[in-house]
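Taking it in order: structure first as structure tokens, then the write-up.
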2 protein chains.
Amino acid sequence: MDSKIVNLRSKMEVYNAISGGGNFADCPVRDVIQGVSGKWSSLLMMALAEHPYRFGELRRLVPDISQRMLTQTLYDLQRDGYVHREVFPTKPPSVEYSLTDLGHSMFSALHQLILWAELNHDAVRNARAGFDATQA
Amino acid sequence: MDSKIVNLRSKMEVYNAISGGGNFADCPVRDVIQGVSGKWSSLLMMALAEHPYRFGELRRLVPDISQRMLTQTLYDLQRDGYVHREVFPTKPPSVEYSLTDLGHSMFSALHQLILWAELNHDAVRNARAGFDATQA
DNA sequence: AGTGCTGGTCTCTTTTTGAGACCGACACTA
DNA sequence: TAGTGTCGGTCTCAAAAAGAGACCAGCACT
């Protein structure tokens with residue numbers, strides 16, 4: 001029984017095995033992907049990949065993000081080493097966010113997904129519409 | 001003022017422009033990325049990219065997903081056209097989930113990010129540890 | 001008659017997110 | 001000098017999403 005699962009030495013199984021007691025927190029892919037998979041992370045990475053932005057600029061660029069989530073998402077991206085935060089002692093003080101080398105490196109991988117999304121947006125929308133039609 | 005934002009014809013601006021009244025829902029990248037950026041989506045895509053799995057198999061493969069979220073995430077992936085759901089009239093009936101062509105296509109883009117995550121997991125973990133150290 | 005397996009749904013609680021008021025320090029304006 | 005605006009946030013409260021786990025029908029086997 002469950003011969004597929006038992007026989008295949010797949011990555012999924014290895015991640016399960018690593019986790020040992022079911023904690024599963026050590027799965028490298030999950031650990032990293034979680035950070036990028038937030039609702040706003042990829043969008044902010046896209047913005048910062050172009051050039052550094054200040055807090056207020058990002059807020060205007062992504063109008064439907066709340067200030068709270070902008071702060072928090074930038075904090076998380078900074079914590080994971082993707083984003084650098086620099087405070088300039090102007091009056092009033094300004095804060096600039098920019099991608100680190102690690103951030104640029106990660107974005108180049110994320111970029112593949114973004115390109116795919118641009119190319120296949122219609123296909124996804126059509127699939128969605130077709131699915132909703134049959135379910136109605 | 002805000003010369004950077006005004007002068008640059010960046011993708012970000014185009015997405016903003018498209019959205020017109022601030023709705024922003026028509027941004028293709030957001031629309032597609034949202035579907036993949038769920039907590040469990042990428043993990044399930046990884047699993048199904050290997051070979052089809054049944055509901056219970058997926059549940060055992062990803063032990064810390066709730067049955068509710070497994071159902072819902074698979075439903076969403078199916079709706080977006082990434083996953084095919086097939087019911088076999090065995091007793092008890094079994095349900096098999098597999099990637100569609102669109103799903104495989106999307107996964108090949110997502111795969112770049114996964115590979116990056118595997119390669120750079122340590123760098124991210126170190127950044128995180130260093131950041132937490134300075135914040136403590 | 002009882003137990004187990006299948007793939008779910010339903011309800012309840014906890015966590016995450018969103019909306020928006022509020023903050024101090026300074027500049028500019030009237 | 002008092003009022004207004006900008007900066008980058010934090011704080012509180014309500015709404016939405018996710019997690020935990022009970023429950024379900026249908027059939028097989030004991």
Side-chain angles (χ1 to χ4, degrees), chain A residues 1-5 19 22-25 30 33-44 47-48 52-79 83-98 135, chain B residues 1-6 22-25 30 33-44 47-48 52-79 83-98 135:
Chain A
M1 65 290 275
D2 279 346
S3 59
K4 289 178 191 169
I5 291 187
S19 71
N23 182 306
F24 218 69
R30 286 187 68 171
I33 297 286
Q34 293 286 25
V36 196
S37 75
K39 181 171 181 180
W40 304 105
S41 313
S42 53
L43 211 53
L44 293 179
L48 295 176
Y53 276 110
R54 290 177 48 188
F55 187 87
E57 290 175 329
L58 287 171
R59 206 157 64 83
R60 284 187 291 276
L61 203 55
V62 187
D64 57 347
I65 191 174
S66 67
Q67 214 160 358
R68 205 181 70 87
M69 285 312 291
L70 181 54
T71 303
Q72 185 175 311
T73 306
L74 286 171
Y75 182 91
D76 291 343
L77 291 176
Q78 187 191 357
R79 193 172 97 97
V83 161
H84 172 70
R85 177 178 183 273
E86 187 157 9
V87 182
F88 294 100
T90 57
K91 308 151 198 164
S94 64
V95 181
E96 189 180 79
Y97 293 91
S98 56
Q135 298 301 72
Chain B
M1 65 294 277
D2 280 345
S3 59
K4 291 177 192 170
I5 291 188
V6 172
N23 182 306
F24 219 70
R30 286 187 68 170
I33 296 286
Q34 293 285 26
V36 197
S37 74
K39 181 171 180 180
W40 304 106
S41 313
S42 52
L43 211 54
L44 293 179
L48 295 176
Y53 276 110
R54 289 176 49 187
F55 187 87
E57 291 175 329
L58 287 171
R59 206 159 63 86
R60 284 187 292 276
L61 204 56
V62 187
D64 57 347
I65 192 175
S66 67
Q67 214 159 357
R68 203 181 71 87
M69 286 314 291
L70 181 55
T71 302
Q72 186 176 311
T73 306
L74 287 171
Y75 182 91
D76 291 343
L77 291 175
Q78 187 192 357
R79 193 172 97 97
V83 161
H84 172 70
R85 177 177 184 273
E86 188 157 8
V87 182
F88 295 100
T90 56
K91 308 151 198 163
S94 64
V95 180
E96 189 181 80
Y97 292 90
S98 57
Q135 298 301 75

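Order of the sequence lines fixes the chain letters, A, B, ..., with proteins taken first and strands second; residue numbering starts at 1 for each chain. This one's a predicted model, so the numbers in the text were calculated from it and none came from an experiment.
Note that OG of B:Ser98 is 13.5 Å distant from CZ of B:Arg54, once rounded to the nearest 0.5 Å. Residue B:Glu57 holds its CD atom at 8.0 Å from CD of B:Glu96, rounded to the nearest 0.5 Å. Note: A:Phe55 CZ to A:Gln67 CD = 5.0 Å, rounded to the nearest 0.5 Å. Residue B:Met69 holds its CE atom at 12.0 Å from CG of B:Asp64, rounded to the nearest 0.5 Å.
Toward the 5′ end of DNA chain C lies the nearest nucleotide of B:Gln67, the other residue of the pair B:Gln67 and A:Gln67 mapping further downstream.
Residue A:Glu57 contributes atom CD, which lies 15 Å from atom P of D:dT6 at whole-angstrom precision. Atom pair A:Tyr75:OH and D:dG9:P shows a separation of 12 Å (rounding to whole Å applied). Atom pair A:Arg59:CZ and C:dA19:P shows a separation of 13 Å (rounding to whole Å applied). Atoms CG (A:Leu61) and C1' (D:dG8) sit 17 Å apart, rounded to a whole Å. Between A:Leu70 atom CG and D:dC7 atom P the separation is 14 Å, expressed in whole Å. Distance, A:Arg85 CZ to D:dC7 C1': 12 Å, rounded to whole Å. As a whole-Å value, the separation of B:Phe88 CZ from C:dG7 P is 12 Å. Between the CD atom of B:Gln34 and the P atom of D:dA16 there is a distance of 16 Å, rounded to whole Å.
Dashed line: the shortest gap from a side-chain N or O of A:Arg54 to OP1 or OP2 of D:dT6 is not under 4.0 Å. The side chain of A:Tyr97 places an N or O atom within less than 4.0 Å of a non-bridging phosphate oxygen (OP1 or OP2) of D:dG9.
Contacts of B:Ser37 classified as side chain to side chain contact (heavy atoms under 4.5 Å, CB included), with partners at least two apart in sequence or in another chain: A:Ser37, B:Ile33, B:Gln34.
Put simply, the side chain of B:Leu74 does not reach to within 4.5 Å of the side chain of B:Arg85, judged on heavy atoms. Using a 4.5 Å cut-off on side-chain heavy atoms (C-beta onward), B:Leu77 and B:Tyr97 make no contact.
Partner B:Leu58 forms a side chain to side chain contact (heavy atoms under 4.5 Å, CB included) with one of B:Leu43, B:Thr73, B:Leu48 and no other, that one being B:Leu48.
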Polar-atom pairs under 3.5 Å, protein N or O versus N or O of nucleotides 24-30 of chain C: list them with distances, or write none.
none

Produce the list of close N/O pairs, under 3.5 Å, pairing protein atoms with atoms of nucleotides 16-18 of chain C; give distances to one decimal.
{"unit_1": "C:dG18", "atom_1": "OP1", "unit_2": "A:Lys39", "atom_2": "NZ", "d": "2.9"}
{"unit_1": "C:dG18", "atom_1": "OP2", "unit_2": "A:Trp40", "atom_2": "NE1", "d": "3.1"}
{"unit_1": "C:dG18", "atom_1": "N7", "unit_2": "A:Arg68", "atom_2": "NE", "d": "3.2"}
{"unit_1": "C:dG18", "atom_1": "N7", "unit_2": "A:Arg68", "atom_2": "NH2", "d": "3.4"}

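Nearest heavy-atom pair across A:Ser94 and A:Thr90 is N-OG1, 3.3 Å.
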